[in-house]
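What follows is a single structure, written as structure tokens, with notes after it.
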Amino acid sequence: MNIQKNESVLLDSNISGDLKNIAEKVYSNERITFDEGLLLYEKGELGYLGTLANYIREKRHGNSVYFNRNFHIEPTNICVFDCKFCSYSRLLKQKDEAWELSEEEILNLVRNYDGKPVTEVHIVGGVHPKMGLHYFAELIRKIKVIRPDIHVKAFTAVELEYMCRKAKVSYEEGLRILKEHGQDSLPGGGAEIFDEEIRKQICEDKCTATQWLEMHETAHRLGMPSNATMLYGHIEKFEHRVDHMNRLRMLQDKTNGFNTFIPLKFRNKGNQMSHLKEVSVVEDLRNYAISRIYMDNFAHLKAYWPMIGRTTTQMSLAFGVDDIDGTIDDSTKIYTMAGSEEQSPVLTTQQLVEMIKQVKRTPIERDTLYNVVTDYSNYDFSKEEVVL
Ligand code: V47
Ligand code: SF4
């Protein structure tokens, strides 16, 4: 595909010389620096950022928008940590709104998908003091017995750091055990904002930035790919976002093990940071666009639709995003409890496909590793045997 650069950003006399230099770099496939990333946050207007991010996105992925068919298992929301932004976790002693699924309940959730064409299960939850490495390794093994074909994307670096510490094994040993039992990859959660000062204020007691990065580096070395998130729009400043992306970009240069970067908008309902205002949709779109421009070695940029809602998700597809996660069922509570747009995050594949087509993009179902499962350009849903 021959993607045209949009000269308007180079010719517009309202755009400063610094921003034009960045545009020239983007068009000639050159990496932008930390300071240039900061300048984009400070001075880049929505139209300018969207033009550049969309150029990169279309050069990489054409018109395609990826999604997958997955389901979530959240074994518990009981958590030993106390992240100030979290609306979801409960302490062991707080019985109201706390849940703890038994192994059989979890396996039954998997059995519910018998005969349905899901390709991934995403397992993540609170850090329960009694659910350890060997419990989860066995659980994954049993899931794979029921569903040998499914990709298991499980446990944030935060959960993994705790599991390894409790089991007194190195990250490498812990991850190796989980891999041998069937875990395929890691989700991107727990990264929040890497800056040590900000981290101290919002999630003091869980794994450090260095530990998060080390866990992912170790996973990549063992052949387990992963994602990376960034929680933005709370007390961090623009420089902390650039620093966060910079640390990820450096690790990706080293390992090339990340699939996707997922910016997560801070939602303020029912947590210890509820006094903070949420950022605007314009800021969300600017953030997606800058992420696309800055993270030049990440193949994919994901908008997590249950979090930002369907309309912003559709708009994000013009601001660098090429992936909108999956056809989730309503088993994921981490966002509904934080006040996300979607209080019942359920979309059938047909609805997801229509949402993408409505903005003139091409819906592509992918597996976790971005192999194409189905191109929905001309798909006839009336032939589907199982609706999902
Ligand atoms: O790390 C918690 C975030 C993350 C709030 O890898 C909040 O494919 C906003 O990482 N407002 C966990 N965000 C979820 C996660 C994820 C989600 C979807 C896909 C993937 C993937 C990963 O949720 C946490 C934290 O950053 N979070 N509370 C809140 N109030
Ligand atoms: Fe626990 Fe995760 Fe919530 Fe932090 S964000 S309190 S680690 S469930």
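For the numbers below, each heavy atom of this structure counts, side chains included, while hydrogens, waters and symmetry mates do not. Counting starts at 1 for both ligands and their atoms, in listed order.
Inclusion of Asn227 in the set of residues having an N or O under 3.5 Å from an N or O of ligand 1 is warranted. For ligand 1, one of its N or O atoms has an N or O atom of Glu192 under 3.5 Å away. Residue contacts with ligand 1: Thr229 is placed with no nitrogen or oxygen under 3.5 Å of a nitrogen or oxygen of the ligand (distance criterion only). Ligand 1 has no N or O atom lying under 3.5 Å from any N or O atom of Leu264, backbone or side chain. Here's the thing with Ala191: none of its N/O atoms is less than 3.5 angstrom from an N/O atom of ligand 1.
Annotation: Phe238 is in aromatic contact with Tyr41 [ring centroid separation under 6.0 Å]. Between His234 and Phe85, the ring centre distance reaches or exceeds 6.0 Å. Ring pair His122/Phe71: centre-to-centre distance not below 6.0 Å.
Proximity of a side-chain donor or acceptor of Arg366 to a complementary backbone N or O of Asn68 within less than 3.5 Å is not detected.
Interface atoms of ligand 2 facing Phe85, defined by a heavy-atom separation under 4.0 Å, are 5 (S). Applying the 4.0 Å criterion to heavy atoms of Cys79 picks out, from ligand 2, the atoms 1 (Fe), 6 (S), 7 (S), 8 (S).
Under the ring-ring contact (aromatic ring centres under 6.0 Å, His included) criterion, the residue pairs touching residues 201-233 are Phe194-Trp212, Trp212-His216, His216-Phe258, His220-Phe258, with sequence neighbours excluded.
At least one heavy atom of Lys153 sits less than 4.0 Å from an atom of ligand 1. At a 4.0 Å cut-off, at least one heavy atom of Lys302 sits close enough to ligand 1 to count as contact.
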Tyr376 vs Phe67, ring pair (Phe, Tyr, Trp, His ring centres under 6.0 Å): CA-CA, chis, key distance, verdict | CA-CA 11 Å; Tyr376 283 89; Phe67 67 93; 5.7 Å; yes
Would you please test Thr51 and Tyr55 for side-chain contact (heavy atoms from CB on, under 4.5 Å) and show each step?
-> CA-CA 6 Å; Thr51 303; Tyr55 169 78; 6.0 Å; no
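For Phe85, heavy-atom contacts with ligand 1 shorter than 4.0 Å involve the backbone as well as the side chain. When non-hydrogen atoms are compared, ligand 1 lies under 4.0 Å from the side chain of Ile262 (C-beta onward) but not from its backbone. Looking at Asn271 against ligand 1, only its side chain comes within 4.0 Å, counting heavy atoms.
Taking 2.8 Å as the threshold, Cys83 counts as a candidate ligand of atom 4 (Fe) of ligand 2, since one of its N, O or S atoms lies below it.
With sequence neighbours excluded, the residues satisfying side-chain hydrogen bond (donor to acceptor under 3.5 Å, both in side chains) with Thr33 are Glu36.
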